[in-house]
Number of protein chains: 4
Amino acid sequence: MKKKDTKGEILKAALNIFSQNNYHTTSMMMIAEEAGVSKGTLYWHFNSKEELFRELLLNGLDMFSSNFEKVAVEDISADEKIYKIIKFGVEVLVENAKTANILRNNVELISSEFQEKVEEKHNQSIDIFKKILEQGIKEETIKDCNPRNTAVMMLAVLFTSHADWLLEEFADIEKQIEFTYDFVMNGIRRKEN
Amino acid sequence: MKKKDTKGEILKAALNIFSQNNYHTTSMMMIAEEAGVSKGTLYWHFNSKEELFRELLLNGLDMFSSNFEKVAVEDISADEKIYKIIKFGVEVLVENAKTANILRNNVELISSEFQEKVEEKHNQSIDIFKKILEQGIKEETIKDCNPRNTAVMMLAVLFTSHADWLLEEFADIEKQIEFTYDFVMNGIRRKEN
Amino acid sequence: MKKKDTKGEILKAALNIFSQNNYHTTSMMMIAEEAGVSKGTLYWHFNSKEELFRELLLNGLDMFSSNFEKVAVEDISADEKIYKIIKFGVEVLVENAKTANILRNNVELISSEFQEKVEEKHNQSIDIFKKILEQGIKEETIKDCNPRNTAVMMLAVLFTSHADWLLEEFADIEKQIEFTYDFVMNGIRRKEN
Amino acid sequence: MKKKDTKGEILKAALNIFSQNNYHTTSMMMIAEEAGVSKGTLYWHFNSKEELFRELLLNGLDMFSSNFEKVAVEDISADEKIYKIIKFGVEVLVENAKTANILRNNVELISSEFQEKVEEKHNQSIDIFKKILEQGIKEETIKDCNPRNTAVMMLAVLFTSHADWLLEEFADIEKQIEFTYDFVMNGIRRKEN
DNA sequence: TATGAATGAGACTTCATTCAT
DNA sequence: GATGAATGAAGTCTCATTCAT
């Protein structure tokens, strides 16, 4: 009784292919084959390669910024918010390693119009981080840093690294969250007693 | 009486073009035009587009890892080494913004053989950082973290973020170095007195 | 209680679209949208794009040749026949501007088999004109020209020109008929008294 | 010692193919094969299919309007000018039957920008005819007609018909010229003595 | 050394047509 | 009768690469 969800199949296939390659080395043919449909079918469901890619990438970005936002408005301390965001970030990055790869493999993109949209999302996330940091400064748990630059660094830490490791040492996500949180909060210097 | 250094011109042109675009959106024609030579000339000096790109990218990576290495073997404390490396990293990233862009815009690459070489360089840098961290742990100035993961994070912090800012708040490189060093060493938590 | 005349709607829509574009720039999708039906419906009523187009074009051609024929067999002088045919031609061309455009925009066509059919209709019209001219020669009102070539020229005059003008000077159809008739009958030379 | 004139070969091949088919039924592949070069070579010499077609069509149109202009400024009577133009038109149309076919087969075209250029050339020719007719009216050899409409008709007569016949009855171009001239000047009515 | 014409594989995309529902 | 998803052939165009000069 259930209809075939071809569009879903295509998106799944595209996720696979785009995460292993990048926008330019991925061809519509590759996606069609992975999805088990014809090239024409791709164009029935999406107007262009870019539109298909957009849907994937923007969905991915949304997954982050929307959740960041949710944490940001909770009625908890900045410290807890940072922990939650890192926890969420690491978990999602691990579970959606493919999406994360698409994000990573396509920093640079196609049409500038599109690029702007991506940057906008990026800036949204940075703004959210910034506000949390400002809250923390007011609460006197975060030191009086430049919030914007610090936000950029936190995002860099969150996005750049995790997928690379998992296969190696941190099979244990919990440890990875702790590690990341500690790095961001305390840095690497040994506290002298 | 000095001959035209055509190969040099080509490399300079390629640096310009590759830093504004990426590997796949850059065509040999664009490079030839920028260099003021014909496409054929490109192929006299380089066997392929990939080889030309390789020279640029690998040179860029070398610039970092070789200097990291130099710092690593100096007879100074780990703490000082970290400072020097960050200082060097930020300065070079700023001065060689174009090369840095190539690195950023082409995380993902072409042939897997090439990709391995890039990863190898990357791992070299990580190893150097790791050793410095281990030195620091022994010296008891760095806390007892997982050195490899910490090294990855330091590299992420160093590479991902700087170009974005410069135009904005940190016209002053010194401040940027301080900021980065402080972030890595102490994190963002406020020290209670 | 009248049923929806879907086939009629399709033909009307096709007339609109084909008259603004031409066979190759008109897609089945465009016609389907204009008709407010799905592409599948088009294929229920017509076996192919060509068949749909054929119906339109051949209908258009028929409108002319059948009326020409009617005039041809009337019991009037050749002179009167020519006037009637020009009158009819101009009027119909004006009223059925869309059909006329289809005729004009698709001189060259698709399958040669089809093309032959179009040429056949064309030749039918020429033959009718030829006979009228021969009648006129016998009646000594038409000069002793080559009737076939003259017929071709009359058809050219009739079909090629009218649509272009209407918007300009001849809002008045009567004048246009007079002008065309005079051009064909008397040419442009001034009669000397 | 003579170099291969590849661009010339391509144009010749394109003329062949475009005159037998039309813009949309002619593919770049067909032209490449006819010219004995690869598809890529077409794009070395022309930026697009449209540009290639443009060169052919606009050249063709120029051939006419430029020669019309030359006749128009000669110091002869309007009557003689008309004869010369018809003579030239018929001769060229016959010799360049292929170009003439391209003109005929592509009344409707591609980009509207292009279409405007074609219409401009068309209007140029009409203007030239108009001026000649006005001269004739002043000289009292042409009757007092509407010059613009008459010009349109003359052009229609000139362009629509000739190629079709030659194969048939008028192997003799001279006769064809006479016939056309007579049709335009005197129409078909028999002069009564 | 240098050029630029030529090549051909492969990319994106369109669209007439089919067919299960 | 009608729908719309699916197909696949065919078309335009790009571009790394080669090669005769």
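Every chain is numbered from 1 and lettered A, B, ... according to where its sequence line falls, protein lines coming before strand lines.
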- Task: Represent DNA chain E in dot-bracket notation, 5' to 3'. Only Watson-Crick or G-U wobble pairs with both distances under 3.5 Å count; pseudoknot-style crossings use [ ] and interstrand partners use |.
- Result: .||||||||||||||||||||
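Using cut-offs of 30° and 60° for the angle between ring planes, the D/Phe114 and D/Phe53 rings count as perpendicular. Between A/His24 and B/His24, the ring-plane angle classifies as parallel under the 30° and 60° cut-offs.
The separation between A/Glu33 atom CD and F/dG8 atom P is 12 Å, rounded to whole Å. Atom CG in A/Leu52 sits roughly 14 Å away from atom C1' in E/dT13 (whole-Å rounding). For the pair D/Lys4 NZ and E/dA6 C1', the interatomic distance rounds to 8 Å; values are reported in whole Å. Atom NE2 in A/His45 sits roughly 16 Å away from atom C1' in E/dT13 (whole-Å rounding). Residue B/Ile10 contributes atom CD1, which lies 10 Å from atom C1' of E/dA2 at whole-angstrom precision. Atom pair C/Phe46:CZ and F/dA2:C1' shows a separation of 15 Å (rounding to whole Å applied). One interatomic measurement links the two molecules: CD1 of D/Ile31 to P of F/dT12, which rounds to 8 Å at whole-angstrom precision.
Judged by distance alone, with hydrogens and angles left aside, the side-chain atoms of C/Asn105 form a donor-acceptor pair with the main-chain N or O of C/Asn21 at under 3.5 Å. Between the side chain of A/Lys7 and the backbone N or O of A/Phe46, no donor-acceptor pair lies under 3.5 Å. Judged by distance alone, the side chain of D/Lys49 and the main-chain N or O of D/Thr26 form a donor-acceptor pair under 3.5 Å. Counting only distance, with no hydrogens or angles, the side chain of B/Ser19 and the backbone of B/Asn16 share a donor-acceptor pair below 3.5 Å.
When the P atom is compared between F/dT21 and E/dT1, the two are found 22 Å apart, to the nearest whole Å.
Along DNA chain F, the nucleotide nearest to D/Met30 and the one nearest to A/Ser38 differ in position, and the one closer to the 5' end is contacted by A/Ser38.
An OP1 or OP2 oxygen of F/dG1 is reached within less than 4.0 angstrom by no side-chain nitrogen or oxygen of C/Trp44.
Among F/dG1, E/dT3, F/dA5, the nucleotide with an atom closest to any side-chain atom of B/Thr41 is E/dT3.
No option in D/Glu51, D/Glu50, D/His45 other than D/Glu51 meets the side-chain hydrogen bond (donor to acceptor under 3.5 Å, both in side chains) test with D/Asn47.
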- Note on the structure: Readout for nucleotides 14-21 of chain E: B = base within 4.0 Å of protein heavy atom, S = sugar-phosphate only, - = neither; 5' to 3' it is B-BBB---
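At least one cation-pi condition fails for B/Lys98 and B/Phe18: the charged atom is not both under 6.0 angstrom from the six-membered ring centre and inside a 45 degree cone around its axis.
Here salt bridge (charged side-chain N to carboxylate O under 4.0 Å, His left out) pairs that include residues 27-43 of chain C, with residues two or more places apart or in two chains, number zero.
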